[in-house]
Amino acid sequence: MGIKVYNTLTRRLENFEPFEDNFVKMYVCGPTVQDVAHLGHARTYIAFDAIIRFLEYRGYRVFYVRNITDVGHIREESGRDRILEGADREKLEPMELVDKYMLMFFEDMDALKLRRPNIQPRATMHILDMIEMTKSLIEKGYAYEVDGNVYFDVSKFPDYGKLSGIKYEELIKHRIEPDPRKRNPADFALWKKAEKGYLLKWPSIWGEGFPGWHIECSVMSMKYLGPQIDIHGGGQELILPHHENEIAQSEAFTGKKPFVKYWLHTGYLTIAGEKMSKSLGNFVTIREVLKKYDADAIRFFVLSSHYRSNIDYNEEAIKRAADAIDKIKSTLRELYYEKEDARAGHDEMASNVCTEMKRRFIEAMEMDFNTPEALSVLHELIRKANAYLSSKTTTIAGIDAYYNTILELCNSIGLLQGFKPETEINNLTASGILQILLNIREELRKRGMYDLSDRIRESLKEVGIIIEDTKEGQRVRLKR
RNA sequence: GCCGGGGUGGCCGAGCAGCUAGGCGGCGGCCUGCAGAGCCGCUCUACUCGGGUGCAAAUCCCGACCCCGGCUCCA
């Protein structure tokens with residue numbers, strides 16, 4: 001059937017067909033590393049991670065670039081630079097600050113078990129490329145220099161607004177006072193002159209300065225992926241002006257359209273209904289959440305909404321996600337245990353159920369990566385697997401079918417990476433002392449000395465080891 | 001002001017013309033020494049409001065109301 005994606009550029013669902021067969025060139029806008037990453041960042045990068053993994057699961061090869069923005073960008077209303085503000089705040093050199101938070105960002109991404117990008121280029125390592133591109137845009141007549149600043153002339157690019165749908169009349173009536181040196185209020189900076197005393201600056205033919213915000217993504221995308229790419233992603237707030245400007249610069253520079261075939265944008269992570277953001281101060285950092293919930297729980301939470309919708313973060317929602325993950329693990333564990341007692345032979349029923357569930361899961365994911373629907377199929381599969389276990393008519397083939405299908409589908413969107421009940425269990429039972437306790441407890445239960453056997457169960461629970469009594473004997477697992 | 005995206009059962013959240021979404025919570029039953037886990041059933045024909053077009057509308061059209069976001073740094 002093939003994958004369909006919603007393209008912000010056309011505002012409709014399109015068949016996904018990369019420029020080159022099964023090779024996908026993908027760029028996602030990375031963070032400005034001036035502070036600790038929060039759950040809003042996690043939302044976007046997890047969503048794209050699931051998309052990438054699913055594409056790979058379906059046989060695509062994905063070359064993934066995500067940048068690091070380590071050049072400060074001036075906030076027009078305050079005239080201040082975010083990285084310099086951070087450096088002031090923490091009494092660090094600007095590059096020292098950037099290094100610190102970049103490394104922390106990498107740690108967070110790893111802790112969330114995200115597939116690493118093939119390249120994570122830093123803006124500061126591409127200043128020369130940005131200067132070159134800016135020069136070329138001036139030569140081609142798309143940009144002009146005034147007093148050490150270079151602006152892109154929006155009037156020279158008639159396609160401007162095609163991504164965001166903004167109209168020219170709207171564009172020129174800005175809400176904040178535009179720089180009077182611009183020819184047109186809609187023009188945006190490619191290069192800014194550094195005022196005296198400004199720390200982050202580089203020499204150029206226009207004098208000392210620093211690049212405009214948008215140029216870095218154009219440069220790094222084209223440098224590592226070529227003039228035209230398949231997918232460019234980011235949060236919805238980047239559509240205008242960031243992505244709109246990227247299109248203008250890049251297409252003006254190469255003359256090739258489209259710069260990006262499919263534009264994908266994620267919804268916001270909200271908290272109490274409002275967008276989580278640095279400036280509102282209503283953020284929760286990734287590492288804070290990771291102290292209480294693991295990567296799977298956070299991922300499940302994110303994927304239980306569609307990537308284009310907003311998700312509201314609250315304790316209850318993430319708790320539910322963590323419970324859902326536990327439930328899946330518990331079923332996998334049961335399947336693992338049951339395999340020992342299962343009969344040999346074929347199991348057409350089980351295998352048919354698994355094939356059908358897998359088909360429906362893939363179908364949901366192929367429809368613009370509908371993870372909530374895919375997860376509902378996964379839930380159904382779990383329920384069917386549990387019912388199968390209850391039926392007591394299990395075969396090794398049937399157990400394998402359920403076990404492998406569940407794990408395969410989870411892995412296809414990055415859930416339960418590396419999960420192995422056998423190692424989890426072996427590690428536990430490998431402990432000789434635990435085994436002795438279990439043996440004693442079994443004996444006590446045979447003799448009906450439940451007060452003592454329950455005490456052992458309770459005490460082990462206190463140290464994080466859960467014992468569950470079943471007809472087949474005691475089962476052990478670790479508390480979350 | 002202009003431009004987007006929304007309003008679905010107690011809560012979360014898919015569906016976007018006809019076919020049980022799913023989860024959580026609650027209730028009842030089964031299983032169990034108890035606990036846990038699980039199974040079965042019910043809660044559940046719910047879709048902001050008012051018109052309209054269809055044999056048929058949560059889904060399409062028109063009009064209200066409300067929420068969130070972009071137009072300023074932002075994933």
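Sequence lines set the chain letters: A, B, ... in the order given, protein chains first and strands last, and positions in each chain run from 1. The figures that follow rest on heavy atoms only: side chains count, while hydrogens, waters and symmetry mates do not.
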Between A:Arg82, A:Lys278, A:Lys100, which is the residue that forms a salt bridge (charged side-chain N to carboxylate O under 4.0 Å, His left out) with A:Asp35? A:Lys278
At under 4.0 Å between heavy atoms, what does A:Glu237 touch on the DNA or RNA strands: base, sugar-phosphate, or nothing? base
State whether A:Lys329 places a side-chain N or O below 4.0 Å from either non-bridging phosphate oxygen (OP1 or OP2) of B:A37. no
When you check the phosphate oxygens OP1 and OP2 of B:A75, does a side-chain N or O of A:His41 lie under 4.0 Å from one of them? yes
With a non-hydrogen cut-off below 4.0 angstrom, is A:Lys167 in contact with a base, only sugar-phosphate, or nothing? sugar-phosphate
Using a heavy-atom cut-off of 4.0 Å across all strands, would you classify A:Gly234 as base, sugar-phosphate, or nothing? sugar-phosphate
Nearest whole angstrom, please: distance from the C1' of B:G38 to the NZ of A:Lys327. 9 Å
Nearest 0.5 Å please: distance from the CD atom of A:Glu14 over to the CD1 atom of A:Ile3. 14.0 Å
When rounded to whole Å, the CG to C1' distance for the pair A:Asp454 and B:U32 reads 12 Å
Would the distance check show the side chain of A:Ser304 and the main-chain N or O of A:Phe301 forming a donor-acceptor pair, the cut-off being under 3.5 Å? yes
Salt bridge (charged side-chain N to carboxylate O under 4.0 Å, His left out) partner of A:Asp49, chosen from A:Arg66, A:Arg116, A:Arg299, A:Lys113: A:Arg299
Using a heavy-atom cut-off of under 4.0 Å over every strand shown, decide if A:Leu375 touches base, sugar-phosphate, or nothing. nothing
Grab the OH-C1' distance between A:Tyr45 and B:A75 for me, whole Å please. 5 Å
For A:Ile239, answer base if it contacts any base atom (sugar-phosphate contacts may also be present), sugar-phosphate if it contacts only those atoms, and nothing otherwise; contact means non-hydrogen atoms under 4.0 Å. nothing
Please work out if A:Ser164 contacts a base, only the sugar-phosphate, or nothing of the nucleic acid, heavy-atom cut-off 4.0 Å. sugar-phosphate
Compute both the distance and the angle, then confirm whether A:Arg445 meets the cation-pi test with A:Tyr450: under 6.0 Å from the six-membered ring centre, within 45 degrees of the axis. no
To the nearest angstrom, how far is A:Glu334 atom CD from B:G36 atom P? 15 Å
Under 4.0 Å, counting only non-hydrogen atoms across every strand here, what does A:Lys278 touch: a base, just sugar-phosphate, or nothing? nothing
Please work out if A:Phe48 contacts a base, only the sugar-phosphate, or nothing of the nucleic acid, heavy-atom cut-off 4.0 Å. nothing
Base, sugar-phosphate, or nothing for A:Arg383, non-hydrogen atoms under 4.0 angstrom? sugar-phosphate
Taking the six-membered ring of A:Tyr403 (Phe, Tyr or Trp), confirm whether the NZ or CZ of A:Lys339 is under 6.0 Å from its centre and within 45° of its axis. no
Counting only side-chain nitrogens and oxygens, does A:Arg11 get under 4.0 Å of the OP1 or OP2 atom of B:G5? no
For nucleotides 12-16 of chain B, list the nitrogen or oxygen atoms of the protein found under 3.5 Å from its nitrogen or oxygen atoms, one pair per line.
from, atom 1, to, atom 2, distance (Å)
B:C12, O4', A:Arg320, NH2, 3.3
B:C12, O2', A:Arg320, NH2, 3.1
B:A14, OP1, A:His306, N, 2.8
B:A14, OP1, A:Ser309, OG, 3.4
B:A14, O3', A:Asn370, ND2, 3.0
B:A14, O2', A:Glu373, OE1, 2.9
B:G15, OP1, A:Asn370, ND2, 3.0

Please report the distance, rounded to the nearest Å, between CE in A:Met276 and P in B:A75. 13 Å
To the nearest angstrom, the CG-P distance between A:Leu238 and B:C73 comes to 11 Å
Run A:Asn15 and A:Lys4 through side-chain hydrogen bond (donor to acceptor under 3.5 Å, both in side chains) and show every step you take. CA-CA 5 Å; A:Asn15 291 322; A:Lys4 286 189 166 36; 3.0 Å; yes
Can you measure A:Ile382 atom CD1 to B:C24 atom C1' for me and round it to whole angstrom units? 16 Å
Heavy atoms under 4.0 Å, any strand shown: does A:Gly448 hit a base, just sugar-phosphate, or nothing? nothing
Once Watson-Crick and G-U wobble pairs under 3.5 Å are found, how is RNA chain B written in dot-bracket notation, 5' to 3', with | for any base paired to another strand? (((((((..(((.....[...)))((((((.......))))))....(((((..]....))))))))))))....
P-based separation of B:C42 from B:G23 [nearest Å]: 13 Å
With stacking defined as ring centroids separated by under 5.5 Å and planes differing by under 30°, is A:Tyr268 stacked against B:G69? no
